[in-house]
Amino acid sequence: SSSHPLWPEIEHVVQQQVEWARLGLGDSGSGWQLFAEDGEMRMYRREEEVDGMVVDPLKAVHIVKGITGHEVCHYFFSPQYRYDWETTLEQMTVLETISEDTCLFLQTHKRIWPASQRDVIFWSHIRHLPNNQDRDGPDIWTVVNHSTEHKDHPANSGKCVRIFLTVCMLCQTRVIPPKDGTPITRDDISCKITYCSVVNPGGWAPASVLRALYKREYPKFLKRFTAYVINQTKDKQIMF
Ligand SMILES: O=S(=O)(CCO)c1ccc(-c2ccc(C3CCCC3)c([C@@H]3C[C@@H]3c3ccccn3)c2)cc1
């Protein structure tokens with residue numbers, strides 16, 4: 001609800017992340033390096049360090065046939081599906097359901113050698129930005145995850161190193177209606193996904209280790225997640 005203390009931050013970060021995700025990759029001078037490619041999926045990163053820690057921004061663009069942006073965001077946002085697709089997840093707790101489109105999560109991720117185990121607290125907000133003003137504008141669904149604090153779970157109080165992240169899953173649905181006026185099927189739809197993330201690993205970890213870990217884990221994550229949505233939706237009514 002809009003009276004929650006987090007609401008002003010949620011509003012600001014969501015607007016900022018939607019703008020950021022919709023920005024192209026600029027020219028080669030902007031520092032984005034293509035580091036993974038698989039079919040329609042292209043993953044870019046910029047090498048950035050804060051206090052000697054790797055905080056490389058990541059931007060992935062993927063075009064997936066047969067699903068809508070609403071479906072992608074539904075399965076990314078909803079807690080009940082997360083263990084099915086998030087392989088590095090050890091424990092997920094919903095600390096607070098702020099509203100039906102906003103939750104507060106505590107997640108511990110499996111220890112990935114040689115880094116120590118990590119946990120993260122973030123609010124997650126799903127939003128539909130319809131194109132009702134101009135018909136040919138983009139119809140966007142997005143989920144933004146942004147780390148925050150929680151009084152009952154102080155950082156670095158247990159075995160885990162607290163990480164900080166901002167993630168934006170931004171989706172634009174494309175429909176090519178059949179020429180013969182027959183109903184739209186999944187063969188007529190596709191979704192352009194822009195996934196942006198900045199993860200601050202919290203405690204120090206060797207740059208080479210983190211970059212190798214990101215190079216391995218992010219492509220795996222996005223391919224596995226989109227395959228999961230295709231499989232979950234293939235026999236269901238299209239969620240526009
Ligand atoms: O998009 S989300 O919001 C989906 C909700 O779960 C999200 C994505 C990624 C993370 C994440 C958290 C920790 C770590 C590392 C940092 C040092 C040691 C562990 C990583 C590394 C990059 C590897 C990774 C990449 C992608 C997916 C999972 N693992 C990623 C958390 C949330």
Side-chain angles (χ1 to χ4, degrees), residues 10 13-14 17 20-21 35-36 38 41 43-62 72-95 102-127 141-148 155-156 159-171 193-229:
I10 291 169
V13 173
V14 169
Q17 287 301 306
W20 171 256
F35 76 88
D38 183 308
M41 183 182 77
M43 258 189 187
Y44 304 82
R45 71 167 170 215
R46 282 213 317 248
E47 299 209 350
E48 284 181 19
E49 301 190 8
V50 168
D51 304 333
M53 280 189 304
V54 167
V55 290
D56 299 356
L58 178 127
K59 190 176 260 200
V61 182
H62 194 6
V72 169
C73 289
H74 170 72
Y75 287 99
F76 187 70
F77 171 74
S78 308
Q80 67 264 34
Y81 309 110
R82 195 156 299 169
Y83 286 109
D84 298 345
W85 54 263
E86 177 64 289
T87 51
T88 65
L89 195 59
E90 182 174 274
Q91 174 81 29
M92 171 197 70
T93 310
V94 178
L95 297 175
T102 309
C103 290
L104 199 60
F105 289 99
L106 165 64
Q107 294 191 170
T108 55
H109 285 256
K110 289 172 184 155
R111 188 175 179 286
I112 303 179
W113 188 87
S116 46
Q117 186 159 37
R118 255 71 180 178
D119 67 6
V120 57
I121 293 179
F122 59 90
W123 53 256
S124 183
H125 177 75
I126 185 170
R127 184 172 300 185
W141 275 88
T142 188
V143 175
V144 176
N145 296 342
H146 182 75
S147 39
T148 186
N156 306 317
K159 63 184 177 192
C160 292
V161 172
R162 178 65 48 86
I163 70 164
F164 304 92
L165 58 77
T166 303
V167 164
C168 177
M169 177 75 81
L170 184 128
C171 301
I193 297 173
T194 304
Y195 174 84
C196 302
S197 92
V198 180
V199 173
N200 180 322
W204 185 82
S208 56
V209 166
L210 277 180
R211 289 191 169 122
L213 194 149
Y214 290 169
K215 192 171 168 72
R216 190 183 67 236
E217 291 294 332
Y218 273 114
K220 202 165 81 178
F221 150 73
L222 197 54
K223 276 178 65 62
R224 178 183 172 90
F225 172 67
T226 50
Y228 175 77
V229 177

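Just so you know, residue 1 is the first one in the sequence shown, and it goes up from there. Atoms within a ligand are numbered from 1 in the order they appear, just like the ligands themselves.
Contact between T87 and ligand 1 is absent, with no heavy atom of the residue lying under 4.0 Å from the ligand. Heavy atoms of V167 come nearer than 4.0 angstrom to ligand 1 in at least one pair.
Between F225 and F221, the two ring planes are parallel [angle under 30°; tilted spans 30° to 60°]. The aromatic rings of Y195 and F76 sit perpendicular, their planes meeting at an angle over 60°, well past the 30° parallel limit. Aromatic ring pairs are classed by plane angle as parallel below 30°, tilted from 30° to 60° and perpendicular above 60°; the pair F77 and F105 is perpendicular.
In terms of protein heavy-atom proximity, atom 32 (C) of ligand 1 is closest to L165 CD2, 3.6 Å. At the shortest separation from atom 10 (C) of ligand 1 among protein heavy atoms lies H109 CE1, 4.0 Å. From the protein, the heavy atom lying nearest to atom 24 (C) of ligand 1 is E217 CB, 3.5 Å. Nearest protein heavy-atom neighbour of atom 28 (C) of ligand 1: T88 OG1, 3.3 Å. The single protein non-hydrogen atom nearest to atom 12 (C) of ligand 1 is I163 CD1, 3.3 Å, given as residue, atom name and distance. Among protein heavy atoms, atom 20 (C) of ligand 1 sits closest to Y214 CE2, 4.5 Å.
Those atoms of ligand 1 with a heavy atom of L210 less than 4.0 angstrom away are 17 (C). Contact atoms of ligand 1 toward Y195: 1 (O), 8 (C) (distance under 4.0 Å to a heavy atom of the residue).
The closest non-hydrogen atom to atom 2 (S) of ligand 1, taken over L222, L213, N145, comes from N145. Around atom 30 (C) of ligand 1, the closest heavy atom drawn from Y218, F76, F225, F221 belongs to Y218.
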Does the side chain to side chain donor-acceptor pair (under 3.5 Å) test come out yes or no for Q107 and E86, once each step is laid out? CA-CA 11 Å; Q107 294 191 170; E86 177 64 289; 4.8 Å; no
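Between the OH atom of Y75 and the CE atom of M169 there is a distance of 14.0 Å, given to the nearest 0.5 Å. In this structure, H109 NE2 and Q91 CD are separated by 11.5 Å, a value rounded to the nearest 0.5 Å.
Considering all non-hydrogen atoms of both residues, C171 and I193 come closest at SG-CG1, 4.1 Å. Closest approach of A21 to T194, counting heavy atoms only: O-CG2, 3.5 Å.
One finds no salt bridge joining E217 and K110 here, because no Lys/Arg side-chain nitrogen approaches an Asp/Glu carboxylate oxygen to under 4.0 Å.
Looking only at atom types and distance, the side chain of D84 has a donor-acceptor partner in the side chain of Y228 under 3.5 Å away.
Considering backbone and side-chain atoms alike, E86 places an N or O below 3.5 Å from some N or O of ligand 1. Between R118 and ligand 1, not a single N/O pair is under 3.5 Å apart. Of the N or O atoms in Q107, one or more lie within a sub-3.5 Å distance of an N or O in ligand 1.
There is no protein heavy atom less than 4.0 angstrom from atom 14 (C) of ligand 1.
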